[in-house]
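See structure below.
Naming convention: chains lettered A, B, ... in sequence-line order (proteins, then strands); numbering from 1 in each chain.
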Amino acid sequence: MVRDFAPRVLAWYDASARVLPWRIAPGSDAVPDPYRIWLAEVMLQQTTVAAVAGYFARFTECWPTVADLAAAEDADVMAAWAGLGYYARARNLLACARAVVAEHGGRFPESEAALRALPGIGDYTAASVAAIAFGRPAVVVDANIERVMARHRLIATPLPLAKREIRAALMPLVPQDRPGDFAQALMDLGATICTPRSPVCAICPLMADCRARGRPDIERLPVKPPKKAKPRRHGLAHWIVREERVWLVRRPGKGMLGGMRALPGGDWTDTRPTESGVAEVNHGFTHFDLTLKLVHRESHDAAAEGEWWPISDLDAAGLPTLYRKLIDKMLERDG
DNA sequence: CATACGTGGAA
DNA sequence: TTTCCAAGTAT
């Protein structure tokens with residue numbers, strides 16, 4: 001049965017592939033654009049298809065080619081990424097586009113190794129671009145494929161240790177003729193049938209030889225390490241207004257919300273400020289929860305760099321969601 | 001190997 | 001409301 005693993009997966013994909021803006025439909029003779037494949041793959045890192053769609057449309061309209069993106073202003077790209085999260089991706093996106101232009105003549109390299117050496121491209125993205133854009137028989141392993149394989153082969157080793165087994169199990173199954181479709185097929189399968197909860201095994205093309213099929217503990221696969229409790233931190237943000245404009249700063253290039261426009265304010269600490277504010281939000285980050293309070297200030301530090309931004313045009317500032325939530329709350333209150 | 005790094009939707 | 005977690009990468 002294992003011998004026809006890829007044919008079953010590909011036949012299912014031919015009939016059931018999701019239609020996505022960055023995808024070339026199976027059977028189409030269109031030529032994939034490595035720039036669009038790469039852009040989508042970076043946006044999709046730890047991010048849902050639904051969240052990415054609008055950003056992908058705006059980016060490809062503003063910057064149709066990798067050369068256009070490489071020539072863009074940092075501030076414009078960071079603002080366009082605002083709200084999508086994991087902002088190191090946007091910084092690396094620009095660095096990668098510029099490296100492709102400066103070091104590869106404006107064309108993405110085709111080998112997995114050369115792709116892997118570019119900023120923001122790790123094991124997964126290097127393999128997926130090699131397979132999808134260039135038809136290379138790379139072994140693509142993302143969270144969907146980990147789940148499909150851990151269940152099909154009943155791999156109970158906890159992640160991330162299981163990654164090696166999963167990769168070894170998948171490698172001999174990759175078809176030489178359609179590696180890109182194979183990878184996308186397994187990801188679609190994981191996203192729509194072999195889901196984390198309530199998998200729809202009855203319509204799965206792999207059900208005949210899936211070792212986890214029918215087991216009550218199928219939802220526990222793949223086994224993941226226990227999560228740690230998230231601490232809560234507190235911070236202040238300053239609302240400084242002059243002539244219908246608000247004072248915005250840019251956060252340092254590394255760390256939380258690195259490189260993004262923001263409201264000025266102090267460090268985030270583990271003690272709640274006593275000062276009363278005009279608005280407050282709770283915002284959940286990956287490894288801590290933040291309570292951020294908005295307070296009025298008359299002026300900013302004399303030495304501070306920043307810009308007076310029209311309050312009526314805050315949408316264009318490209319503020320991270322944390323600050324948008326806080327400002328929206330205050331404006332809603334004050335009218 | 002462990003940790004830092006966003007956000008929004010689903011159950 | 002809380003918890004989970006989604007096409008991961010860098011350090």
Can you see which heavy atom on A/Arg261 is nearest to which on A/Ala317, and at what distance? NH1-O, 2.9 Å

Would you mind reading off the distance between A/Leu20 atom CG and C/dA6 atom P, rounded to a whole angstrom? 17 Å

Report yes if at least one side-chain N or O of A/Gln46 is closer than 4.0 Å to OP1 or OP2 of C/dG8; otherwise report no. yes

Is A/Arg245 close enough and on-axis enough to A/Trp239, meaning under 6.0 Å and within 45°, for cation-pi? no

Report which part of the nucleic acid A/Ile121 touches: base, sugar-phosphate, or nothing (heavy-atom distance under 4.0 Å, all strands). sugar-phosphate

Decide yes or no for A/Val140 and A/Ile145: does some side-chain heavy atom of the first lie under 4.5 Å from some side-chain heavy atom of the second? yes

Less than 4.0 angstrom from a charged side-chain N to a carboxylate O is my criterion; do A/Asp270 and A/Arg233 meet it? no

Show the nearest heavy-atom pair for residues A/Gly106 and A/Val66, with the distance to one decimal. O-CG1, 3.4 Å

Looking at every strand, decide which applies to A/Gly255 at a 4.0 Å heavy-atom threshold: base, sugar-phosphate, or nothing. sugar-phosphate

Whole angstrom is fine here: how far is it from CE in A/Met256 over to C1' in B/dG6? 7 Å

Can you pull every protein N or O that's under 3.5 Å from an N or O on nucleotides 2-5 of chain C?
residue	atom	partner	partner atom	Å
C/dC5	OP2	A/Lys227	NZ	3.4

Checking all strands, does A/Trp81 fall into the base, sugar-phosphate, or nothing category for heavy-atom contacts under 4.0 angstrom? nothing

Indicate whether OP1 or OP2 belonging to B/dC1 is found under 4.0 Å from a side-chain N or O atom of A/Arg164. no

Ring of A/Tyr55, cation from A/Arg58 - is the NZ or CZ under 6.0 Å from the centre and inside 45° of the axis? yes

Compare side-chain N and O positions of A/Thr47 against OP1 and OP2 of B/dT7 and report whether any pair is under 4.0 Å apart. no

With a non-hydrogen cut-off below 4.0 angstrom, is A/Gly284 in contact with a base, only sugar-phosphate, or nothing? base

Provide, to the nearest angstrom, the distance between the CG atom belonging to A/Asp289 and the P atom belonging to B/dC5. 14 Å

Between B/dG8 atom P and A/Tyr86 atom OH, what is the distance in whole Å? 13 Å

In dot-bracket notation, what is the pairing pattern of DNA chain C, taking Watson-Crick (N1-N3 plus N6-O4 or O6-N4) and G-U wobble (N1-O2 and O6-N3) contacts under 3.5 Å, with [ ] crossing and | for other strands? .|||||.||||

salt_bridge(A/Asp209, A/Arg153) N-O dist < 4.0 Å: no

So, OP1 or OP2 of B/dT7: does either fall under 4.0 Å of a side-chain N or O from A/Thr286? no

Report which part of the nucleic acid A/Ala51 touches: base, sugar-phosphate, or nothing (heavy-atom distance under 4.0 Å, all strands). nothing

Give the rounded distance in Å between these two atoms: CG of A/Asn282 and P of B/dG6. 18 Å

Rounded to whole angstrom units, what separation is found between the OH atom of A/Tyr124 and the C1' atom of C/dG8? 9 Å

P atoms of C/dA7 and B/dA2, separation to the nearest Å: 23 Å

To the nearest Å, how far apart are A/Gln45 CD and B/dC5 C1'? 12 Å

Electrostatic pair A/Arg23-A/Asp188, nearest N-O below 4.0 angstrom: yes

Nucleotide B/dT7, atom P - distance to CG of A/Leu84 in whole Å: 9 Å

Look at all strands and tell whether A/Arg23 reaches a base, only sugar-phosphate, or nothing, counting heavy atoms closer than 4.0 Å. base

A/Leu161 or A/Thr321: which one's nearest nucleotide on DNA chain B is closer to the 5' end? A/Leu161

If you go through the side-chain atoms of A/Arg89, does one of them form a donor-acceptor pair with the base of C/dA10 closer than 3.5 Å? no

Can you figure out which of B/dC5, B/dT7, C/dA7 approaches the side chain of A/Leu322 most closely? B/dT7

OP1 or OP2 of B/dG6 versus the side-chain N and O atoms of A/His283: is any pair under 4.0 Å? no

Judged by each residue's nearest nucleotide on DNA chain C, which is more toward the 5′ side, A/Val49 or A/Gly120? A/Val49

Touch check for A/Ser198, heavy atoms < 4.0 angstrom, all strands: base, sugar-phosphate only, or nothing? nothing

Closest nucleotide among B/dC5, C/dA7, B/dG6 to the A/Glu41 side chain: C/dA7

Hey, do the aromatic rings of A/His287 and A/Phe285 have their centres closer than 6.0 Å? no

With sugar-phosphate meaning primed atoms plus P, OP1 and OP2, does A/Pro160 contact a base, only sugar-phosphate, or nothing at under 4.0 Å between heavy atoms? nothing

Whichever of A/Ala50 and A/Lys254 has its nearest DNA chain B nucleotide further upstream toward 5': A/Lys254

On DNA chain C, does the nearest nucleotide to A/Pro119 precede the nearest nucleotide to A/Trp22 from the 5' side, or the other way round? Give the residue. A/Trp22

How would you list all residue pairs meeting side chain to side chain donor-acceptor pair (under 3.5 Å) that involve residues 113-140 of chain A, not counting sequence neighbours? A/Glu41-A/Tyr124, A/Gln45-A/Thr125, A/Arg116-A/Asp123

Tell me whether the centres of the aromatic rings in A/Trp63 and A/Tyr35 are closer together than 6.0 Å. no

What's the gap between C/dT11 and B/dC1 when it is taken at their C1' atoms, as a whole Å value? 12 Å

Give me the atom names and distance for the closest heavy-atom approach of A/Glu219 to A/Ser198. OE2-N, 2.6 Å

